[in-house]
There are 2 protein chains.
Amino acid sequence: MRPKIPSAGNVTVLERLRDAGLRPTRQRLALAKLLFARGHRHVSAEQLFNEAKAQRVDVSLATVYNALHDFTSKDLLREISIDSSSSYFDTNTGDHHHFYFEQSGRLEDIAAHQVSIAALPAPPGGAKISRVDVIVRLKG
Amino acid sequence: MRPKIPSAGNVTVLERLRDAGLRPTRQRLALAKLLFARGHRHVSAEQLFNEAKAQRVDVSLATVYNALHDFTSKDLLREISIDSSSSYFDTNTGDHHHFYFEQSGRLEDIAAHQVSIAALPAPPGGAKISRVDVIVRLKG
DNA sequence: CAAGAAGATTAGAATTATTCTAAGTTGTTG
DNA sequence: CAACAACTTAGAATAATTCTAATCTTCTTG
């Protein structure tokens, strides 16, 4: 039995947007719900756009792109481009890595603690590391 | 003093193409020379196309794309897509990784022996690893 | 709560990287 | 050197993404 708070899902998502400094508009709320409703996901703009349509949420493709980028700049999402044909947005913004199934183009998370990078050279020119991505490409 | 073999560079490149099972056409030879003449490089199709033009090598952009893909499929090049806007071709096909300068979009090789990945989870579903890419993203 | 400004949304055009098409050219092999 | 497959090409086509400029919303603030 869940507590009977009306539209609890909405409230959470609304707070996430506000906390990030993004106006919780109708379309952002709807998209954020699709993205964050449950578990971590890897979605393309086109995919999210189609999901929205399927649920009769009326958003333009441009808005989907805008929202994805806005969310990314506020660290609610992380952008991944492995395959140059299109990019994916990952709802998991924590430290982690990826399996990439070359055949299907699917991505799967690898928890950070499952990978250990024992040595890395110092960045040239004293540059600072913004992050280290490990992509394990799979044939199957 | 180098030995006076006429167009030694050509001969090498020609052999590389033949060994790979690619017909050494005029345009492939020219492009291969630009690519492999000295040291390792990371080039985009557009870049290579411009270099060719600059040297009055008459190739169409389609041929540049064809050649890059043909070379890649024969392991003379390796394709890298980090930034979804365009992909790069790396003349270093050996085991190695990359620094990626987020500001400039530039790539720099990291020798394989400089990175040590101590642990990796088993690929799901018994898939085989085709390769592991480590990308160290740099802020500077 | 009304009004205005800042911020968001939108349809559709524009842009960019890349691939395709179909016709002409060239390298290789017998 | 003929024949054929492989290659090249200009330009059209496609796909993902961004831009434009007009219109709507949301958030102050009085």
Side-chain angles (χ1 to χ4, degrees), chain A residues 10-11 13-35 42-53 56-74 76-77 79-89 105 107, chain B residues 10-11 13-34 42-53 56-74 76-77 79-89 105:
Chain A
N10 277 309
V11 172
V13 161
L14 189 145
E15 279 164 359
R16 274 188 92 149
L17 294 183
R18 268 210 231 286
D19 290 355
L22 294 169
R23 281 193 186 172
T25 63
R26 188 165 32 79
Q27 22 297 291
R28 280 181 181 164
L29 280 167
L31 295 174
K33 259 204 284 187
L34 289 172
L35 289 167
H42 304 105
V43 270
S44 68
E46 203 71 30
Q47 260 172 57
L48 185 58
F49 179 62
N50 287 328
E51 286 181 23
K53 271 205 300 210
R56 330 217 146 245
V57 172
D58 204 17
V59 277
S60 72
L61 183 55
T63 297
V64 171
Y65 275 102
N66 289 339
L68 288 171
H69 289 136
D70 296 342
F71 291 1
T72 300
S73 76
K74 294 298 164 49
L76 298 180
L77 289 177
E79 188 172 359
I80 310 175
S81 9
I82 280 170
D83 170 300
S84 74
S85 71
S86 92
S87 56
Y88 286 84
F89 293 84
L107 281 171
Chain B
N10 278 308
V11 171
V13 161
L14 189 146
E15 279 165 358
R16 272 187 93 150
L17 293 184
R18 268 210 231 286
D19 291 354
L22 293 170
R23 281 193 188 175
T25 62
R26 186 165 31 81
Q27 22 302 285
R28 280 180 182 166
L29 281 167
L31 295 174
K33 258 205 283 188
L34 290 172
H42 303 106
V43 269
S44 68
E46 203 72 30
Q47 258 172 59
L48 185 58
F49 179 61
N50 288 328
E51 285 181 24
K53 271 204 301 210
R56 328 214 149 250
V57 172
D58 203 17
V59 279
S60 71
L61 183 55
T63 297
V64 172
Y65 276 102
N66 289 338
L68 288 172
H69 289 138
D70 295 343
F71 292 0
T72 301
S73 75
K74 294 298 163 48
L76 299 180
L77 288 178
E79 189 172 359
I80 309 176
S81 7
I82 280 172
D83 171 297
S84 74
S85 71
S86 93
S87 55
Y88 286 84
F89 293 84

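In what follows, every chain begins at residue 1, and chains take the letters A, B, ... in the order their sequences are listed.
- In this structure, A:His69 does not reach the D:dT17 phosphate: none of its side-chain N or O atoms is under 4.0 Å from OP1 or OP2.
- Which of C:dT10, D:dT9, D:dT18 sits closest to the side chain of B:Thr63 comes down to D:dT9.
- Mapping B:Phe89 and A:Arg28 onto DNA chain C by nearest heavy atom places A:Arg28 at the nucleotide closer to the 5' end.
- What separates CG of A:Leu68 from P of D:dT17 is a distance of 9 Å, to the nearest Å.
- Rounding to whole angstrom units, CG of residue B:Leu17 and P of D:dA6 are separated by 17 Å.
- Between C:dT18 and B:Tyr65, a contact under 4.0 Å exists linking OP1 or OP2 to a side-chain N or O.
- Side chains of A:Val43 and A:Leu34 form no contact here, defined as non-hydrogen atoms less than 4.5 Å apart.
- Under 4.0 angstrom from either OP1 or OP2 of C:dA17 there lies no side-chain N or O belonging to B:Ser86.
- Within the nucleic acid shown, A:Ser84 has no heavy atom closer than 4.0 Å to any nucleic acid atom.
- A heavy-atom distance below 4.5 Å is found between the side chains of B:Thr72 and B:Phe89.
- Applying the side-chain hydrogen bond (donor to acceptor under 3.5 Å, both in side chains) test to B:Ser85 and every residue at least two apart in sequence or in another chain returns B:Asp83.
- B:Asp70 comes within contact range of no nucleotide atom at all, as no heavy-atom separation falls under 4.0 Å.
- Remark: C1' of C:dA8 and CZ of A:Phe71 are 12 Å apart, rounded to the nearest angstrom.
- Note on B:Asp58: only backbone sugar-phosphate atoms sit closer than 4.0 angstrom, heavy atoms only; bases stay farther off.
- To the nearest angstrom, P of C:dA17 lies 15 Å from CD of B:Glu79.
- Taking atom CG on A:Leu29 and atom P on D:dC27, their separation rounds to 10 Å, with Å as the unit.
- With contacts defined as side-chain heavy-atom distances shorter than 4.5 Å, the pair B:Leu17/B:Phe71 qualifies.
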| Sugar-phosphate or base contact per nucleotide [nucleotides 21-30 of chain C; S, B, -; heavy atom under 4.0 Å] | -----BBS--

| Trace of the side-chain contact (heavy atoms from CB on, under 4.5 Å) decision for A:Leu31 with A:Val57 | CA-CA 9 Å; A:Leu31 295 174; A:Val57 172; 5.6 Å; no

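- Note that NZ of A:Lys33 is 10.5 Å distant from CG of A:Leu14, once rounded to the nearest 0.5 Å.
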| Can A:Thr63 and A:Arg28 be said to form a side-chain contact (heavy atoms from CB on, under 4.5 Å), step by step? | CA-CA 8 Å; A:Thr63 297; A:Arg28 280 181 181 164; over 6 Å; no

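- The interatomic distance linking B:Asn66 (CG) with C:dA17 (C1') rounds to 15 Å, in whole Å.
- Following rounding to the nearest Å, A:Gln47 (CD) and D:dA15 (P) show an atom-to-atom distance of 16 Å.
- Distance CZ (B:Phe49) to P (C:dT16): 15 Å, rounded to an integer number of Å.
- Between A:Ser85 and C:dA17 there is no side-chain polar atom (N or O) within less than 4.0 angstrom of OP1 or OP2.
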